[in-house]
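Structure first, then comments.
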Amino acid sequence: YKIDPLKKNVTFISAKGCVARCTFCHRWEKGYRVHPLDQAISHLKLLKKMNVGYVSVGDENFGSNKKLSNELAKTLNDLGFKWRAAGVRASTIDKETLQYWADNGCLMVLFGIESGSPDMLNVMEKKVTREENIDAIKWTYEAGLTTVIQLVIGMPGETDKTISETISFLL
């Protein structure tokens with residue numbers, strides 16, 4: 001995809017906090033709170049007036065609240081934005097939602113996959129399976145979206161075996 005270099009790119013936050021308690025996380029915010037939809041839409045309209053063309057949704061859990069994320073996807077598209085979603089949890093996403101986002105201007109989804117080792121996913125308390133991670137990546141590709149697989153290597157308990165499992169997962 002190509003972004004017009006004359007248009008501004010911004011990060012937009014529609015919710016704060018996280019639904020999970022991963023052991024490595026900084027936990028900036030306690031709990032999970034969404035901004036009222038009307039306020040979020042007003043903010044997006046203001047960004048459009050400022051000639052913003054690309055929005056990076058910087059939530060820690062975009063997609064956890066399906067109603068909010070789908071309303072924002074439609075609004076982003078209606079306003080003519082191209083956008084990406086960061087901080088999407090593989091355990092909260094499905095094929096239909098990813099396709100809906102793609103149909104509404106989304107170009108990329110970033111997942112915190114963290115590891116390809118089931119043991120390390122348990123140590124991290126990710127509450128996601130290796131298979132759910134694989135499905136999320138597969139569905140992202142099928143929807144025509146790009147992704148970045150974010151990993152954490154070197155957690156307490158990491159071994160050559162768990163690193164090899166992550167390498168195998170990536171392959």
Side-chain angles (χ1 to χ4, degrees), residues 1-3 9-32 34 54-70 72-73 76-77 81-171:
Y1 59 90
K2 188 172 183 176
I3 303 299
N9 304 320
V10 300
T11 298
F12 171 79
I13 307 290
S14 68
K16 292 191 174 206
C18 184
V19 298
R21 296 215 172 271
C22 304
T23 58
F24 59 85
C25 188
H26 51 73
R27 298 295 306 149
W28 290 112
E29 299 282 336
K30 288 186 178 189
Y32 176 70
V34 299
Y54 187 83
V55 173
S56 178
V57 180
D59 297 9
E60 293 178 286
N61 277 282
F62 192 74
S64 292
N65 182 323
K66 288 199 187 313
K67 181 178 183 208
L68 175 71
S69 62
N70 285 344
L72 286 174
L76 285 160
N77 187 58
F81 289 111
K82 294 297 179 192
W83 58 283
R84 75 175 191 165
V88 177
R89 292 188 58 81
S91 61
T92 64
I93 202 67
D94 56 53
K95 185 177 184 175
E96 294 75 25
T97 299
L98 288 165
Q99 188 61 60
Y100 184 79
W101 293 355
D103 293 343
N104 280 281
C106 184
L107 302 173
M108 176 184 272
V109 177
L110 287 83
F111 297 100
I113 299 295
E114 320 310 2
S115 180
S117 166
D119 290 341
M120 291 312 300
L121 292 172
N122 286 334
V123 166
M124 294 175 186
E125 298 181 19
K126 286 291 295 179
K127 295 184 179 34
V128 66
T129 66
R130 179 181 163 121
E131 292 72 28
E132 286 173 315
N133 283 334
I134 290 168
D135 285 342
I137 295 165
K138 180 180 77 170
W139 296 333
T140 300
Y141 172 78
E142 289 172 355
L145 300 166
T146 59
T147 190
V148 172
I149 297 172
Q150 302 173 91
L151 299 172
V152 175
I153 303 291
M155 282 284 297
E158 189 85 76
T159 64
D160 289 345
K161 176 185 176 272
T162 60
I163 292 171
S164 291
E165 289 173 340
T166 296
I167 292 167
S168 294
F169 168 82
L170 293 171
L171 295 173

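The distance from the CG atom of L151 to the OG atom of S115 is 7.5 Å, given to the nearest 0.5 Å. The distance from atom CD1 of I93 to atom CH2 of W139, rounded to the nearest 0.5 Å, is 9.0 Å. Atom CD in E142 sits 4.0 Å away from atom NZ in K95 (nearest 0.5 Å). Residue K127 holds its NZ atom at 9.5 Å from CG of N122, rounded to the nearest 0.5 Å. Distance check: E158 CD to E165 CD gives 9.0 Å after rounding to the nearest 0.5 Å. We find the CE-NZ distance between M120 and K161 to be 11.0 Å, quoted to the nearest 0.5 Å.
With contacts defined as side-chain heavy-atom distances shorter than 4.5 Å, the pair L107/Y54 qualifies. I167 is not listed as a side-chain neighbour of F169, based on a closest heavy-atom distance of 4.5 Å or more. Annotation: side chain of F111 is not in contact with side chain of I149 (no heavy-atom distance under 4.5 Å). Within the 4.5 Å cutoff, the side chain of T166 has no heavy atoms near those of the I113 side chain. Using a 4.5 Å heavy-atom cutoff, the side chains of I137 and I134 are not in contact.
Distance alone, capped at 3.5 Å, is enough to place a donor-acceptor pair between the R130 side chain and the G116 backbone. Without hydrogens or angle criteria, N77 side chain to A73 main chain gives no donor-acceptor distance under 3.5 Å. Between the side chain of W83 and the main chain of N104, a donor-acceptor pair closer than 3.5 Å is present. Checked by atom type and distance alone, the side chain of E132 pairs as donor or acceptor with a backbone atom of T129 at under 3.5 Å. Checking side-chain atoms of R84 against main-chain N and O of T146 turns up no donor-acceptor pair under 3.5 Å. T92 places no side-chain N or O within donor-acceptor distance of the main-chain N or O of V88, the cut-off being under 3.5 Å.
Across all non-hydrogen atoms, the minimal contact from K66 to D94 is CE-OD2, 3.3 Å. Nearest heavy-atom pair across P156 and V123 is O-CG1, 3.6 Å. Shown here for A85 and C106, the closest heavy-atom pair between the two residues is N-SG, 4.4 Å. Closest approach of L98 and L145 over heavy atoms only: O-CD1, 3.7 Å.
In this view, S69 and F62, W101 satisfy the side chain to side chain contact (heavy atoms under 4.5 Å, CB included) rule, not counting sequence neighbours. Remark: T147 engages no residue in a side chain to side chain donor-acceptor pair (under 3.5 Å) (not counting sequence neighbours).
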